[in-house]
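Model, not experiment: these values are computed from the prediction. Numbering starts at 1 and runs along the sequence shown. Every number for a ligand or one of its atoms is a count from 1 in the order of the listing.
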Amino acid sequence: MIKFLDLQKINLQYKEELTEAYHRVLNSGWFLLGQELQSFEENYSNYCGVKYTLGVANGLDALTLIIRGYKELGIFKEGDEIIVPSNTYIASILAISQNNLKPVLVEPDLFTYNIDPTLVENHITERTKAIMVVHLYGQLCDMPEINRIAEKYNLKVIEDCAQAHGASLNGKKAGAWGDAAGHSFYPGKNLGALADGGAITAHDDALAEVLKALRNYGSHKKYENIYQGVNSRLDELNAAFLNVKLKYLDDVIKKRREVANRYLNEIQSPEVTLPLILKQESHVWHLFIVRAKKREKLQKYLSGSEVQTLIHYPIPPHKQAAYKELNHFNYPISETIHREVLSLPMSEVMSNNEVSKIIDVINRYDR
Ligand SMILES: *Cc1c(COP(=O)(O)O)cnc(C)c1O
């Protein structure tokens with residue numbers, strides 16, 4: 001079976017350096033909010049081209065805390081609205097609703113799978129405070145256009161970069177386009193820790209100051225609490241691991257692009273719709289998604305041919321039991337996407353032979 005993602009193989013590439021990092025942390029006797037985190041935060045800020053990085057416990061916390069931070073600053077209030085794509089992973093929407101703000105869902109483009117900027121302005125009301133973009137599957141949204149709209153209506157731009165570490169446009173990376181961004185280092189992401197992990201990146205001094213306290217019980221100084229904060233920290237061990245893996249992120253992206261370009265150039269089945277990419281540098285291929293009218297049949301055929309695939313995602317957020325208040329809405333583009341998408345194996349450790357086999361199997365489908 002060709003695995004969808006081989007996390008063992010991915011991490012064993014760095015076995016020596018990861019082991020060394022583990023020993024360094026063990027010997028230091030310091031496990032939270034120390035040198036390793038500080039060093040990762042500096043390295044990641046440099047990588048993304050932002051002023052601040054703050055390590056947190058996971059990607060969902062990163063997004064939730066950004067909104068919470070704007071509430072503490074008096075910029076957002078409960079009941080305010082945030083625009084978010086209707087086909088995103090549930091975490092982006094949870095971050096909004098958990099803060100008692102209202103997610104306003106806007107449909108994506110059917111071929112890039114990213115929020116359609118031409119539909120955004122129609123959804124802006126007096127209560128709209130921000131646009132949360134999601135660089136889904138690893139492709140940067142149309143950020144020049146999103147930022148133009150945000151500027152026109154005086155909105156904050158929050159980026160969900162969980163799938164897009166290193167994606168860029170005109171030399172500017174994911175996380176550097178908006179006012180603040182949430183990043184995930186969940187093990188399966190392109191930059192994955194060996195546990196849950198996440199980070200907030202931001203340009204703004206005041207926001208960073210608040211967030212630094214919020215992630216640590218609302219405290220800047222031990223046992224003095226200025227906010228009712230949370231405990232959401234990226235631990236020293238995983239910060240050390242991420243420092244190792246960050247060095248190789250550009251190589252990882254390069255290899256994923258090679259796999260993606262082979263899929264794009266060589267898959268030729270009328271049953272399969274390939275993704276549309278706007279610029280090479282703006283897609284880092286967290287996932288390679290195809291669409292098929294008879295998705296279940298294709299998935300069964302592929303698994304019968306020893307190719308493992310997954311579905312990202314089978315149920316759109318507005319159809320989830322957790323969001324009964326959204327169940328009556330219709331988002332036909334999202335619904336088509338959720339009905340038809342299938343994720344092919346994609347990673348930096350796939351061999352050329354594996355990629356060839358997958359292409360060959362798909363090209364023989366239904367012939
Ligand atoms: C993975 C993911 C998240 C959440 O990250 P966690 O670290 O798993 O909490 C948020 N948004 C998107 C688009 C994701 O893919």
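Taking 4.5 Å as the limit, every side-chain heavy atom of D116 sits out of range of all side-chain heavy atoms of V106. Side-chain contact between N114 and P108 is absent, with no heavy-atom pair separated by less than 4.5 Å. Side-chain contact between K51 and S45 is absent, with no heavy-atom pair separated by less than 4.5 Å.
Listed by number with element, the atoms of ligand 1 under 4.0 Å from a non-hydrogen atom of V134 are 13 (C). Close approach of ligand 1 to N58 is summarised as follows: ligand atoms under 4.0 Å from at least one heavy atom of the residue are 7 (O), 9 (O).
Of the heavy atoms in D61, none comes closer than 4.0 Å to ligand 1.
Both tests hold for K173 against Y47: distance to the six-membered ring centre under 6.0 Å, angle to the ring axis within 45°. In this structure, R291 is positioned above the aromatic face of F111, its NZ or CZ under 6.0 Å from the six-membered ring centre and within 45° of the axis.
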Before you tell me yes or no, could you show the steps for K357 and V361 under side-chain contact (heavy atoms from CB on, under 4.5 Å), namely the whole-Å CA-CA distance, both residues' side-chain angles and the distance that decides it to 0.1 Å? CA-CA 6 Å; K357 184 189 157 179; V361 166; 4.2 Å; yes
Ring pair (Phe, Tyr, Trp, His ring centres under 6.0 Å), that's the test. Do H318 and F329 meet it? Break it down for me. CA-CA 7 Å; H318 71 282; F329 284 105; 7.9 Å; no
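Inclusion of Y186 in the set of residues having an N or O under 3.5 Å from an N or O of ligand 1 is not warranted. Taking only nitrogen or oxygen atoms, main chain and side chain alike, G59 reaches within less than 3.5 Å of ligand 1. Residue-to-ligand polar distances place L60 within reach of ligand 1: an N/O pair is separated by less than 3.5 Å. The shortest N or O to N or O distance between T88 and ligand 1 is not below 3.5 Å. Polar contact check, K189 against ligand 1: a nitrogen or oxygen pair lies under 3.5 Å apart. By the 3.5 Å distance cut-off applied to N or O atoms, S184 is counted among the residues near ligand 1.
For H286, the heavy-atom gap to ligand 1 stays at 4.0 angstrom or more.
Aromatic pair Y44/F185: ring centres closer than 6.0 Å.
Closest to atom 10 (C) of ligand 1 among all protein heavy atoms lies A91 CB, 3.4 Å. Atom 13 (C) of ligand 1 has as its closest protein heavy atom D160 OD2, 3.4 Å. For atom 15 (O) of ligand 1, the nearest non-hydrogen atom of the protein is Q163 NE2, 2.7 Å.
Residues E78 and K71 are paired through a salt bridge, judged by an N-O separation under 4.0 Å between the basic side chain and the carboxylate.
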